[in-house]
**Student:** 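Sending over a structure as structure tokens; questions will come in a sec.
First the proteins, then the strands, lettered A, B, ... as listed; each starts at 1.
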Protein chains: 2
Amino acid sequence: MLHGSAMASDFYSSEGDAILREAGLRVTRQRRAIVRVLFEAEDHPDAEQVLGRARDKDASVSQATAYRTLAALADKGHLHRHTFDGGVTRYELASRPHHDHMIDVETGEVMEFVSEEIERLQKKIAAEHGYDIVAHRLELYCKRRRR
Amino acid sequence: MLHGSAMASDFYSSEGDAILREAGLRVTRQRRAIVRVLFEAEDHPDAEQVLGRARDKDASVSQATAYRTLAALADKGHLHRHTFDGGVTRYELASRPHHDHMIDVETGEVMEFVSEEIERLQKKIAAEHGYDIVAHRLELYCKRRRR
DNA sequence: TCTCTAGATGCAAATAATTCGCAATGTCAA
DNA sequence: TTGACATTGCGAATTATTTGCATCTAGAGA
């Protein structure tokens with residue numbers, strides 16, 4: 001298992017390095033930690049959570065660097081920002097397969113889904129107005145159906 | 001025309017009073033001004049804009065009251081909050097017919113649209129996961145199609 | 001119409017999240 | 001190896017919004 005973990009870390013580090021380079025950013029210890037956190041995240045962490053987790057990997061990561069790195073990656077399109085219903089900004093790697101979000105308003109749980117049909121309709125609507133879609137945001141706020 | 005304007009104002013004031021009462025709020029001079037601004041708005045003003053316009057009607061409206069009133073109306077569901085792509089919070093009366101938003105990323109222009117088909121698909125998706133939709137947010141970020 | 005009280009107001013200070021200035025440090029192309 | 005310039009941490013500054021508090025006022029009831 002130690003072997004597996006080490007390999008996984010190396011793997012993610014290189015993936016992360018690539019993302020940083022693609023974004024035109026220098027690869028630093030701190031940024032490596034931050035990007036690794038993003039690769040490992042299975043949720044949608046906010047800046048504070050990213051900072052905390054990055055510090056677990058490298059205690060030298062400062063708040064300013066976390067915000068600066070997240071902003072730089074988001075600006076270059078490598079990171080998506082989400083602000084579910086007036087909450088704080090949450091982050092998610094853009095390299096993940098595209099999906100939209102469904103939020104359980106009672107538990108705060110965030111689920112993911114895709115609908116080719118909706119994607120197609122969105123494009124159609126935009127086209128009808130003479131537009132091309134650059135990005136979109138679809139969030140469904142739901143309650144578990146009682147039965 | 002003076003007649004028309006006066007009638008329109010009266011109309012909006014009573015509509016506004018009703019909304020305030022329904023929200024369980026007392027009808028004050030300041031709140032009347034704020035709610036009238038919301039009724040008259042053809043855009044999606046942020047708190048600062050609402051405050052400015054309300055002050056044109058009644059100079060005594062303070063920032064705190066603007067925020068407090070907007071928050072109270074939003075909490076009671078009479079007002080929708082929007083945060084288009086990381087910008088400030090914008091407001092829109094919930095009594096307006098339902099619609100989603102299309103944002104021209106080059107001009108910032110906000111357009112409205114509805115698609116019964118998308119609405120239906122959303123409900124279907126939620127249902128498939130065992131959920132009922134409480135609210136949703138669909139925003140299309142677009143660029144005018146060059147030809 | 002008068003009174004009374006919970007709710008509302010303005011002001012200024014307080015928060016929360018994020019950004020910025022700056023001197024010190026680190027990356028990486030040559 | 002080196003030098004230019006990007007990046008860092010720190011703390012102060014911003015921005016948007018909220019809150020504490022003393023003072024008013026809407027509006028139910030006498």
Side-chain angles (χ1 to χ4, degrees), chain A residues 13-14 16-37 44-52 54-76 78-91, chain B residues 13-14 16-37 44-55 57-76 78-91:
Chain A
S13 284
S14 356
D17 289 7
I19 280 202
L20 289 170
R21 293 224 169 76
E22 277 166 40
L25 302 173
R26 288 189 177 173
V27 179
T28 65
R29 231 155 25 95
Q30 295 86 344
R31 283 177 178 164
R32 261 206 175 109
I34 291 166
V35 172
R36 265 184 65 191
V37 166
H44 302 76
D46 59 29
E48 191 186 334
Q49 292 173 311
V50 171
L51 174 60
R55 278 180 164 162
D56 289 342
K57 300 183 184 300
D58 183 330
S60 80
V61 181
S62 72
Q63 193 186 47
T65 292
Y67 273 107
R68 281 189 283 232
T69 302
L70 292 171
L73 291 176
D75 287 352
K76 300 290 174 148
H78 285 94
L79 205 52
H80 289 316
R81 293 189 218 252
H82 298 295
T83 317
F84 301 128
D85 216 39
V88 285
T89 303
R90 296 169 124 35
Y91 299 85
Chain B
S13 285
S14 354
D17 289 8
I19 280 200
L20 289 171
R21 293 222 169 76
E22 278 166 39
L25 302 173
R26 289 190 177 173
V27 178
T28 66
R29 229 151 31 90
Q30 295 87 343
R31 284 177 177 165
R32 261 205 174 112
I34 291 166
V35 172
R36 266 185 63 191
V37 165
H44 302 76
D46 59 28
E48 191 186 335
Q49 292 173 312
V50 170
L51 174 60
R53 297 177 199 176
R55 278 180 165 162
K57 300 183 185 301
D58 184 330
S60 80
V61 181
S62 72
Q63 195 187 46
T65 292
Y67 273 106
R68 281 190 280 232
T69 301
L70 291 171
L73 291 175
D75 287 351
K76 299 291 172 145
H78 285 95
L79 207 51
H80 288 318
R81 294 187 215 251
H82 298 295
T83 315
F84 301 129
D85 217 38
V88 285
T89 304
R90 297 172 121 40
Y91 298 86

**Student:** Checking the side chain of B:Thr69 only, and the main-chain atoms of B:Thr65 only, is there a donor and an acceptor separated by less than 3.5 Å?
**Tutor:** yes
**Student:** Roughly, in whole Å, what's the span from CZ in B:Arg21 to C1' in C:dG7?
**Tutor:** 14 Å
**Student:** Can a donor-acceptor pair be found, under 3.5 Å and without considering hydrogens, that links the side chain of A:Arg90 to the backbone of A:His44?
**Tutor:** yes
**Student:** To the nearest Å, how far apart are B:Leu25 CG and C:dA6 P?
**Tutor:** 18 Å
**Student:** Does any non-hydrogen side-chain atom of B:Ile19 lie less than 4.5 Å from one of B:Leu79?
**Tutor:** no
**Student:** Parallel under 30°, tilted from 30 to 60°, perpendicular over 60°: which one fits the rings of B:His82 and B:His80?
**Tutor:** tilted
**Student:** Rounded to whole Å, please give me the gap between CD in A:Gln30 and C1' in D:dA6.
**Tutor:** 13 Å
**Student:** What integer distance in Å separates B:Arg32:CZ from D:dA26:P?
**Tutor:** 10 Å
**Student:** Taking only the side-chain nitrogens and oxygens of B:Arg31, find out if one of them lies under 4.0 Å from OP1 or OP2 of D:dA26.
**Tutor:** no
**Student:** Atom CZ of A:Arg90 and atom C1' of C:dA17: how far apart are they, to the nearest Å?
**Tutor:** 14 Å
**Student:** Over how many whole Å does the gap from A:Ile34 atom CD1 to D:dT7 atom C1' extend?
**Tutor:** 11 Å
**Student:** If a protein heavy atom is under 4.0 Å from the base, mark B; if only from the sugar-phosphate, S; if neither, -; do that for nucleotides 12-25 of chain D going 5' to 3'.
**Tutor:** ----SBBBB-----
**Student:** Side chains of B:Asp46 and B:Gln49: closer than 4.5 Å at any heavy-atom pair?
**Tutor:** yes
**Student:** With sequence neighbours excluded, give me every salt bridge (Lys or Arg N to Asp or Glu O under 4.0 Å) pair touching residues 55-74 of chain A.
**Tutor:** A:Arg29-A:Asp58, A:Glu40-A:Lys57
